Amino acid sequence: MIPVLEIFGPTIQGEGMVIGQKTMFVRTAGCDYRCSWCDSAFTWDGSAKDEIKQMTAEEIWEELFRLGKDCFSHVTISGGNPALLASIGGLVELLQSRGIRSAVETQGSKWQDWLAQIDDVTLSPKPPSSGMETDFDVLDQVVANLLEKGHSGVSLKVVIFDERDFEYARGIHRRYPGIPFYLQPGNADLVEANTEELRTKLLETFEWLINLAMAAPDLNDVKVLPQLHALVWGNKRGV
Ligand SMILES: C[S@@+](CC[C@H](N)C(=O)[O-])C[C@H]1O[C@@H](n2cnc3c(N)ncnc32)[C@H](O)[C@@H]1O
Ligand SMILES: Nc1nc2[nH]cc(C(=O)O)c2c(=O)[nH]1
Ligand code: SF4
Ligand SMILES: [Mg+2]
């Protein structure tokens, strides 16, 4: 069984290595982290506990198909931390058997063998502003496991709120130089209901982050991307 909090789409992947990709989302419940600025805190803070459904891979597939019909070929698994769940292996296999490509979003704090079967793996270690501490022994192992299996779709994405986060991100890129590296500005205003107002703030932090990255000689290969879905739909859930 997989604890699922929401299934939605089709929408576009708003972040990182496959930004713009038409995709469905499966969002699992539960996280081993408690990031101070988590935009999906409802997956772990108890506020949506009545919405959690224990689902089999087949039930998840049925819901994906009901929502997406023949209008999708890609599914993104996010959370919470999906890598807490060994049971996702069955879903990954089922998607593969239907010819659907898959992606996962995880902070890289846990390994599961099914991660190696996912087409697009985004590892998003957390900078100091999150209040979390990276266990680099685990992250090294997760990266090594993926590379050892010859995975070609791994990327690193660090969310940046301040200059300390930026220094942390540089350290991540230095530690894993061969892995495509993405910087993402943090959304500090998770309660703003006015999307116009939010856009202005998000674009300002995006520009701030671009300027920092452009002046860093060790980040000449970095990609700086906003959360596209936040620019389009603001803080709305399920998009
Ligand atoms: C909600 S998390 C779920 C997956 C996994 N727990 C993780 O953090 O990678 C999905 C992505 O959203 C990012 N994120 C969460 N809160 C954010 C915020 N306030 N601003 C920008 N990105 C945020 C995370 O860093 C992560 O890359
Ligand atoms: N459109 C869209 N793109 C996303 N990329 C990562 C997301 C996430 O919450 O993991 C997300 C999300 O929630 N929506
Ligand atoms: S690791 Fe991801 S889901 Fe967990 S608290 Fe941090 S941002 Fe939220
Ligand atoms: Mg999100």
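Here the structure is a predicted model, which is why all the values come from computation and not from measurement. Order of appearance sets the numbers: ligands from 1, and atoms from 1 within every ligand.
Set against the non-hydrogen atoms of E105, the atoms of ligand 2 under 4.0 Å away are 6 (C), 10 (O). Listed by number with element, the atoms of ligand 3 under 4.0 angstrom from any heavy atom of Q107 are 1 (S).
A donor and an acceptor atom, one from each side chain of Y182 and T122, are nowhere located under 3.5 Å apart. Between the side chains of E192 and N187, not a single donor N or O lies within less than 3.5 Å of an accepting N or O. No side-chain donor-acceptor contact under 3.5 Å links D162 and S129. Between the side chains of D137 and Q141, not a single donor N or O lies within less than 3.5 Å of an accepting N or O. Side-chain atoms of K49 and S47 include no donor-acceptor pair closer than 3.5 Å. Side-chain contact check for W233 and N235: no donor-acceptor pair (N or O, by modelled atom type) lies under 3.5 Å.
Annotation: atom 1 (N) of ligand 2 to nearest protein heavy atom, I12 O, 2.7 Å. In this structure, the protein non-hydrogen atom closest to atom 3 (N) of ligand 2 is G14 N, 2.9 Å. Looking only at heavy atoms of the protein, atom 5 (N) of ligand 2 is closest to Q13 OE1, 2.5 Å. Counting protein heavy atoms only, atom 6 (Fe) of ligand 3 is closest to C35 SG, 2.3 Å. Considering only non-hydrogen protein atoms, atom 8 (C) of ligand 2 sits nearest to S78 OG, 3.6 Å. In terms of protein heavy atoms, atom 8 (Fe) of ligand 3 is closest to C38 SG, 2.3 Å.
If you look at K126 next to ligand 3, the close heavy atoms, those under 4.0 Å, all belong to the side chain. Under 4.0 Å from ligand 3, the heavy atoms of C31 that appear belong solely to its side chain. In T76, neither the side chain nor the backbone holds a heavy atom less than 4.0 Å from any atom of ligand 2.
No N or O atom of W233 sits closer than 3.5 Å to an N or O atom of ligand 2. When only interatomic distances are considered, the shortest N/O to N/O separation between V239 and ligand 2 falls below 3.5 Å.
A salt bridge does not link D119 to R101: none of the charged nitrogens lies less than 4.0 Å from a carboxylate oxygen. Salt bridge E204/K201: absent, no basic N to carboxylate O contact under 4.0 Å.
In this structure, G80 is part of the shell of residues with a heavy atom less than 4.0 angstrom from ligand 3. Look at R27 and you'll find a heavy atom under 4.0 Å from some atom of ligand 2.
Annotation: ring pair (Phe, Tyr, Trp, His ring centres under 6.0 Å) contacts of F65 (sequence neighbours excluded): none. In this view, F161 and W37 satisfy the ring pair (Phe, Tyr, Trp, His ring centres under 6.0 Å) rule, not counting sequence neighbours.
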